[in-house]
**Student:** 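Got a structure for you, questions after.
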Amino acid sequence: MPVGPLQTFDPRTAFTSANPQRYPFCPAALQPNSYAEPDKQVLEGDAGWFFLQGEIDWDAALSPGFFGDVRRIADTLAKRGTKLIVLIPPPRSVLGYTHLPPLVKQTSARQQDGQLRGYLALLDRIRLSGAIVPDVLGEARRYNLSFDQIGSPAEPHWSPAGSWAAALAITRQIAPERLKQGEPAVRGTRVAEVSGASYTDALNKICKTKWPRQTIPAFLVAEDSALAGGGDLLGGGAETHIVLVGTSFTAQTERYSFAPFLEALSGRSVMNLAISGGGPLTSFDQYARSPEFNTLKPKYLIWEFTASNLPDDNFAAGRSALLRSSCSASYRPTKAAFRPGMNSIASAADIARVAPDDEAVQLQLSSENPAFRNFVIQLNYVDGHQKAIKMDTRRAPTASTSYTIVLPDDHALISDISLINVDPLTGSVSTQLCPAGGEPGGSASTTTASSQSGWLGRVAAWFKSFWG
């Protein structure tokens, strides 16, 4: 229970005003090459309003493969009596468009209405793929909240008003009867907290400054004793109606998460399994590896991910080789000790031996070492170029150390495959090549990855593998 006087949440006061003092950019902070990646460059628009270049340049033009896998996931869940809800927080360039740097607004390929139309069109496409998609911006309009009030000036997450609007949008989809007489009052304690992340952190590092983080008006929702226990993975008692997986927008309960608001507004018990910094995959992976995965069948699975972490344009290329079964015992695995640096694990002859050039091939790796979680598979081609497939499940400590990687369609041009351990390891790794044909027979212990960077295809494979 929150400590302090209880009060009723008021979204009209649950956001942060920008710092009127502009950040003193040093010359290095104005150069894209000063950042780890160009899309991580920090820009300041109106005083106190910061943006990453990647948040401005986000693109909603996704391949058909993305939406096909959303439909497969939704259909698989529906067979278990669970409905899929996809929640995509409104992009920062939409929420804070009026605060963007003037030059960006003048040169942007998409003006404000274009940014908004792109986001809404993305939501509509996902709806047509079979998922429930809440309308967060619609709730903001309904309650006369400006878009910038559901975001935050100096950090990437939404404000408490934005969290409340997201929870209200979901409630309107799953428990509309709760809103017939207006939204239920949410009781709790208002507190001021220092932001857990800030755009000025990167600027402080580059410019050697000590610019303070933003203080945000967090709201700690009072716990409903009738729902207590339903949101605890290890708890019993109350039925779990909703499972949440996602990013820090969902995980940070005391700062940004809509989970407490959702429980209070919908009257449904919520299990929040989101992981900060884990991207769209990690929290689901941890849930999928838990014993409760096959025993809990929630009515709703809410999957939150951000518009700036969507699959790229190459996603569809690996889609035809997704949703495959584990290699059978007739394809003999090989075992080799871990060595520092690059380890050769398969040759062109090994690949050609298991399948014709025009058939999909998958590579399975496993290790008895529980630290086998951070590595790179390098595909070396005969013309000298390489493709790297990065795997990192360190944020999901209960995840298996077995992995399935579907090779790209041009695997006939691969000269050899190497394993690069990012962390020094002892022990050995087992590798197995086989045709990637047929529907999955169901090995709940294998993490599946496409050779493309499309994380949604991996999750589609997981759903099919685990739930059939």
**Student:** Which heavy atom of Ser34 sits nearest a heavy atom of Ala28, and at what distance?
**Tutor:** OG-O, 2.6 Å
**Student:** Would you say Asp46 and Leu100 make side-chain contact, with heavy atoms under 4.5 Å?
**Tutor:**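 In short, these two side chains do not touch, never coming nearer than 4.5 Å.
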**Student:** Among pairs that include at least one residue of residues 169-186, which meet side chain to side chain donor-acceptor pair (under 3.5 Å), considering only residues two or more places apart or in two chains?
**Tutor:** Glu139-Arg172, Tyr143-Glu183, Glu177-Arg268
**Student:** What heavy-atom pair brings Pro134 and Ala169 nearest, and what distance separates the two atoms?
**Tutor:** CB-CB, 3.7 Å
**Student:** Would you say the side-chain atoms of Thr247 pair up with the backbone N or O of Phe305, donor to acceptor, closer than 3.5 Å?
**Tutor:**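 No, Thr247 side chain to Phe305 backbone: no donor-acceptor pair under 3.5 Å.
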**Student:** Any heavy-atom pair between the side chains of Leu84 and Ile73 that's under 4.5 Å?
**Tutor:** yes
**Student:** Counting only N and O atoms by type, is there a donor-acceptor contact under 3.5 Å from the side chain of Thr82 to the main-chain atoms of Pro298?
**Tutor:**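 Flag set: sc Thr82 to bb Pro298 pair under 3.5 Å.
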**Student:** Quick one: does Ser198's side chain have a donor or acceptor within less than 3.5 Å of a partner on Ala154's backbone?
**Tutor:** yes
**Student:** Tell me whether Asn272 contacts the main-chain N or O of Thr250 through its side chain, where contact means a donor paired with an acceptor under 3.5 Å.
**Tutor:**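 Checking the backbone N and O of Thr250 against the side chain of Asn272, a donor-acceptor pair under 3.5 Å is found.
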**Student:** Is the shortest side-chain heavy-atom distance between Phe50 and Pro153 below 4.5 Å?
**Tutor:** no
**Student:** So do the side chains of Tyr199 and Leu52 get within less than 4.5 Å of each other, counting heavy atoms only?
**Tutor:** yes
**Student:** Find out whether the Lys NZ or Arg CZ of Arg190 is both under 6.0 angstrom from the six-membered ring centre of Phe219 and within 45° of the ring's axis.
**Tutor:** no
**Student:** Do the side chain of Arg71 and the main chain of Leu128 share a donor and acceptor less than 3.5 angstrom apart?
**Tutor:**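 Checked: pair present.
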**Student:** Quick check: closest heavy atoms across Phe258 and Ser163, and the distance to 0.1 Å?
**Tutor:** CB-O, 3.3 Å
**Student:** Tell me, please, which residues at least two apart from Asp10 pass salt bridge (Lys or Arg N to Asp or Glu O under 4.0 Å).
**Tutor:**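 Salt bridge (Lys or Arg N to Asp or Glu O under 4.0 Å) list for Asp10, sorted by chain: Arg12.
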**Student:** Report yes if the side chains of Ile170 and Ser266 come closer than 4.5 Å at any heavy-atom pair, otherwise no.
**Tutor:**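 Answer no - side chains too far apart.
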**Student:** Closest heavy-atom contact between Pro91 and Ala307?
**Tutor:** CG-CB, 3.8 Å
**Student:** Donor-acceptor pair, distance only, cut-off 3.5 Å: does the side chain of Thr200 make one with the backbone of Leu203?
**Tutor:**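 Side chain of Thr200 to backbone of Leu203, a donor-acceptor pair under 3.5 Å: no, none is there.
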**Student:** Picking from Ile126, Val136, Thr306, Val133, what satisfies side-chain contact (heavy atoms from CB on, under 4.5 Å) with Ile88?
**Tutor:** Ile126
**Student:** Please answer whether the main-chain N or O of Val270 pairs with a side-chain N or O of Glu263 as donor and acceptor at a distance below 3.5 Å.
**Tutor:**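 Side chain of Glu263 to backbone of Val270: a pair is present.
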**Student:** Could you tell me whether the side chain of Gln149 and the main chain of Ser146 form a donor-acceptor pair under 3.5 Å?
**Tutor:**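 A pair under 3.5 Å: yes.
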**Student:** Can you spot which of Phe51, Tyr23, Trp49 makes a side-chain contact (heavy atoms from CB on, under 4.5 Å) with Glu44?
**Tutor:**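 With Glu44 as partner, side-chain contact (heavy atoms from CB on, under 4.5 Å) holds for just one option, Tyr23.
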**Student:** Does Gln41 reach the main-chain N or O of Leu30 with its side chain, forming a donor-acceptor pair under 3.5 Å?
**Tutor:** yes
**Student:** Taking Tyr35 for the side chain and Ala29 for the main chain, is one N or O donor matched with an acceptor at less than 3.5 Å?
**Tutor:**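 Yes.
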